[in-house]
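The structure is given below, and queries will be raised subsequently.
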Amino acid sequence: MPLDLDSLNPAQREAAEHNDGPLLILAGAGSGKTRVLVHRIARLLEEGRARPWEILAVTFTNKAARELVERCRAMVGDTADELWVGTFHGMGARLLRRHCEELGCSRSFTIMDGDDQLKIARDVITDARLDPAVLRPETLRNFIENAKHEARSPADEEARGAFDDLVPLYAAYERRLRALDAMDFGDLITRVLELFRGAPGLLERYQQRFRYVLVDEYQDTNHAQYLLVSRLAGGHGNLCVVGDDDQSIYAWRGACLRNILEFERDFAGAEVVRLEQNYRSSGNIVAAAHGVIANNGDRKDKQLWTDATAGRKVHVVTTTDERDEARYIVAQAAEGDPGDVAVFYRTNAQSRAIEEELVRSRIRYVIVGGTRFYERREIKDLVAYLRFIANPRDEISLARVINVPTRGIGRTTWERLIVEARNRDGTAWDLLEGSDPLSFVSPAPRRRLNDFRVLARRWLAMNRAAVTPLLEAILEDTSYEDHLHDHDGEDADSRIENVHELLTVSQEFDEEYDEREFADADDNADDADPTRSDPVLGALATFLERLALNADVDNYEEQGGHVTLMTLHNSKGLEFDRVFIAGAEEGVFPHARSMAEDGRGLEEERRLCYVGVTRARRQLSLLHASRRSLYGTLQENLPSRFLDELPAAVVERIVTRQSSTRGGMSASKGAQAYGGQGYSGARKQNARSDTTPAGRSYAQQTWAEGARVVHPMFGAGRVSSCSGSGDSEKVEVRFDQVGLKRLVVKFAKLEAV
DNA sequence: AGGGAACACCTTTTT
DNA sequence: GGTGTTCCCT
């Protein structure tokens, strides 16, 4: 697509033609803000106002960054690769690695995730001889995170005089991070601020270099990020921020709505452009979105509108329970192209019922977020090995792997090692790396520590130019797959599969990294400017950084034929032809925890609803169930108040009807049957084979060899053998997708086909 | 030192 | 309902 300002509407064009000075673009959902950003960047380049590396664009996700670069490339060609585009955290990490010597950390510092932070918080609490049951690690972590969102150091907190008991622990936590050569997420911003504070000359050079600064999703920036942007754009004031206060959904992560509401005050002479025309959704959907968000008080004055025709009405669907809800959604999804469909929910736990129904109906799906690949135990183990090798002072990772697989280094040995290390003012590896005789433990554990030391040295000496060989060495030296096999019985297969998946990821990375190094070589060679050249980071450190800063949405690509499932939070920035929002019930959405004292939590839930609604292009359904079992208890929830806020004129109400005698289902509107079949026979048998009050079953065998069955997770299969009866009845089923599984009938929700 | 069972806890959203 | 933690037994 060529640069063509005539293709923009007047407001879009005004924003794209803005040159110097602060600019606030209030961009409603679906109003073409990315188009505007891309046009503006392309124009600045084509008119020679900036060279690509003089433009800094900060996005909310890596995926958004990639898309921005892609679309710029379509207009200006490969020079787009020289733009600085990334997330706040990615930019922070890049700057910190560049200037680590000023900060007293190493270039290969570790990035700690939320879990790691919690472990460190816990250590700090116990080191202070406090009881983690009384002062919960979460409390300390949240305190520290909040402080960092606000860019407050322990000294600042002390000066404020708040939380006297937590401040020294915050200080101890900071010391600990330094000792481990580690940064947490907050540090990736606050330590850049620190860097600039300590080196005004350096800040000045970056101000000169980044002649134009752009920030997307500005409504979701926190105070520290605001400070960073203010510093960077401080000289020239060429700061363009894009945002929508109605889509601010991350207050709990420190996002500060104030940043966007007060932009004009913060940056004098700011021009403000409102993009209010929606190009995404049908008229009824836009009207629904407006009906909801108009109930919020604290917002900039603007109204989304559209030229589009009204389209279908917005469906509000009442179902009996969450399974009924799932059945309705899946039946609807199956009617068209499932690839056009997205299902959103408030909490990850809600995905389960929908997934089960999708599996049963053999509709493929992708799930964004939830229990992520990198949170699986086996993956965390292997990544911990890699992290330890990249930074042997990362004691959190060392603690995780030193006895996995079991190699006789138990709690006692580890604790002695730590005590001794602290006595000598170092970390565990500081003690192990030399030739210390380890006389603080008895001969047997000493030998085991020595064995580990030898193993670790071998890995540390390996070339870090590629990740895969390293991973393979670890797997081999530790017999890790055998360990999974012995230790995880039933789950071993899927865990081993995940290990192989990690190897695939590392292989892909290695190939790409190789090419990139090659491409970068001449770019950096002729440039002595420290604001331009990145230090060469080994493949390993780059790989780990990418894992740490990678969000699940970053990997999400539309897959033909697959229904997409995700939380409402993850849906921001995406769009789909047909959207289903499940669980529109008081207590679920809005979530019970958001409805505390002030109305601010509720207003954020409403914005979340607005985000979800505005993702839909053609069709939108909101569902609520009369009863729902959640967290193991049965709840009866009222329909969400947000449903009442939808303008009646755009809504069509649908109530599913469940025949109590046959278990067959239909919807009251137009008698659409949606999959009641296949749901009676087997299930009733199971119901009848219920246990007596004494807990003993009196049923005969439920299944016969050769029966075709469907399992909620494994899909379809055929019973190959049966044994036992009643509670202990077991079957072997050969599933079409996942092969042979042994199942206890009582627990495996098998159904006849 | 290691494994398993009982226990408690907690259930929002995630860079 | 699940997970993580602790404690107790071997």
Side-chain angles (χ1 to χ4, degrees), chain A residues 58-65 86-93 111-115 117-119 122 126 131-133 136-138 142 145 148-149 183-189 217 220-222 224-225 248-255 344-353 368-372 374-375 377 403-416 441-442 444-445 448 486-487 545-554 566-572 583 587-596 601 604-605 607-609 611-612 629-635 747:
Chain A
V58 186
T59 57
F60 194 65
T61 62
N62 293 301
K63 180 171 186 269
T87 63
F88 268 106
H89 292 94
M91 173 180 75
I111 297 172
M112 295 285 179
D113 68 17
D115 261 10
Q117 288 174 272
L118 224 42
K119 283 179 184 154
R122 188 183 196 84
T126 48
D131 182 358
R136 301 187 31 235
E138 284 88 348
N142 293 344
E145 272 200 329
K148 291 188 179 184
H149 290 151
M183 307 266 177
D184 63 19
F185 283 128
D187 285 340
L188 296 180
I189 314 298
E217 307 283 10
D220 286 320
T221 52
N222 63 35
Q225 291 165 337
S248 166
I249 54 174
Y250 285 103
W252 52 274
R253 216 171 71 187
F344 304 151
Y345 34 80
R346 179 66 233 272
T347 64
N348 283 306
Q350 289 167 255
S351 72
R352 197 191 193 100
V368 179
T371 307
R372 274 157 287 172
Y374 294 104
E375 284 168 13
R377 195 189 67 218
N403 203 30
V404 176
T406 316
R407 46 173 80 89
I409 303 172
R411 215 186 61 200
T412 319
T413 308
W414 175 253
E415 273 171 7
R416 286 194 184 145
V441 287
S442 42
R448 294 169 188 144
D486 300 342
H487 206 263
E545 174 170 313
R546 204 178 287 187
L547 294 197
L549 299 181
N550 181 57
D552 207 49
V553 257
D554 292 338
M566 68 181 84
T567 61
L568 285 150
H569 280 88
N570 268 320
S571 77
K572 198 171 70 163
V588 177
F589 184 39
H591 195 274
R593 297 214 13 179
S594 72
M595 294 188 280
E604 179 148 317
E605 296 285 303
R607 291 192 292 268
L608 192 54
C609 184
V611 167
S629 69
L630 206 55
Y631 309 125
T633 55
L634 196 66
Q635 302 177 349
F747 299 115

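Below, chain A is the first sequence line, B the second, and so on; all start at residue 1. These numbers were taken from a predicted model, which means no experiment stands behind them. For the numbers below, each heavy atom of this structure counts, side chains included, while hydrogens, waters and symmetry mates do not.
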- Message: For A/Phe589 and A/Phe344, I'd like to know if the aromatic rings sit close, meaning centre-to-centre distance below 6.0 Å.
- Response: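 No.
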- Within this structure, what is the CD1-to-P distance between A/Ile189 and B/dT15, rounded to whole angstrom? 14 Å
- Query: Under 4.0 Å between a side-chain N or O of A/Thr413 and OP1 or OP2 of B/dA1?
  - Reply: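 Checking B/dA1 against A/Thr413, a side-chain N or O does come within under 4.0 Å of OP1 or OP2.
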- Query: Would A/Arg253 and A/Asp220 pass as an ion pair if we require N to O under 4.0 Å?
  - Reply: no
- Message: How many whole angstroms separate atom CZ of A/Arg377 from atom P of C/dT5?
- Response: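 After rounding, the reported distance stands at 13 Å.
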- Task: Check whether the aromatic ring of A/Trp252 stacks on the base of B/dT13, taking stacking as ring centres less than 5.5 Å apart and planes within 30° of each other.
- Result: yes
- Using only side-chain N and O atoms of A/Thr412, determine if any of them is under 4.0 Å from OP1 or OP2 of B/dA1. yes
- Task: Measure centre to centre between the rings of A/Trp252 and A/His149, then say whether the value is under 6.0 Å.
- Result: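 Between A/Trp252 and A/His149, the centre distance exceeds or equals 6.0 Å.
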- Between B/dT11, B/dA1, B/dG2, which one does the side chain of A/Thr406 approach most closely? B/dG2
- Query: Got a donor-acceptor contact below 3.5 angstrom from the A/Asn570 side chain to the A/Met566 backbone?
  - Reply: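 The answer is no, because no donor-acceptor pair under 3.5 Å joins these two groups.
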- OP1 or OP2 of B/dA1 sitting under 4.0 Å from any side-chain N/O of A/Asn403?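 For A/Asn403, the contact criterion (side-chain N or O under 4.0 Å from OP1 or OP2 of B/dA1) is not met.
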- 5'-most by nearest nucleotide on DNA chain B - A/Glu605 or A/Arg407: A/Arg407
- Task: Search all heavy atoms of A/Thr59 against all heavy atoms of A/Ala64 and return the closest pair with its distance.
- Result: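 Of all heavy-atom pairs spanning A/Thr59 and A/Ala64, the closest is CB-CB, 4.0 Å.
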- A/Lys119 atom NZ is separated from C/dT3 atom C1', nearest whole Å, by 14 Å
- Taking atom P of B/dG3 as reference, at what distance in whole Å does atom CZ of A/Arg411 sit?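 After rounding, the gap between these two atoms is 14 Å.
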- Message: How many whole angstroms separate atom CD1 of A/Ile111 from atom P of B/dT15?
- Response: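 Distance, rounded to whole Å: 14 Å.
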- Roughly, in whole Å, what's the span from CG in A/Asp113 to P in B/dT15?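 Whole-Å distance recorded here is 11 Å.
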- Could you please name the option among B/dT13, B/dG2, B/dA1 that lies closest to any side-chain atom of A/Thr567?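 It is B/dT13.
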- Query: If you check every side-chain atom of A/Thr87, which of C/dT5, B/dT13, B/dT15 has the closest atom?
  - Reply: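 Closest nucleotide among those given: B/dT15.
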- Among B/dG2, B/dT14, B/dA1, which nucleotide sits nearest the side chain of A/Pro445? B/dA1
- Select one nucleotide: of B/dC10, B/dA1, B/dT14, the one nearest the side-chain heavy atoms of A/Arg136. B/dC10
- Query: Do the side-chain N and O atoms of A/Thr412 and A/Glu415 include a donor-acceptor pair separated by under 3.5 angstrom?
  - Reply: no
- Item | Phosphate-side-chain proximity, A/Asn348 and B/dT13, N/O vs OP1/OP2 below 4.0 Å | yes
- Item | Distance, rounded to the nearest Å, where A/Leu118 contributes CG and C/dG4 contributes C1' | 11 Å
- To the nearest angstrom, the CD-C1' distance between A/Gln350 and B/dT11 comes to 13 Å
- Compare the minimum distances between each of B/dT14, B/dA1, B/dT11 and the side chain of A/Arg593, then state the nucleotide with the smallest one.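 For A/Arg593, the side-chain atoms sit closest to B/dT11.
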- Query: Which nucleotide sits closest to the side chain of A/Arg253: C/dG2, B/dA1, B/dT15?
  - Reply: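 Given the options C/dG2, B/dA1, B/dT15, the side chain of A/Arg253 is closest to B/dT15.
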- Query: Any idea which of B/dA1, C/dT5, B/dT15 is nearest the A/Arg122 side chain?
  - Reply: C/dT5
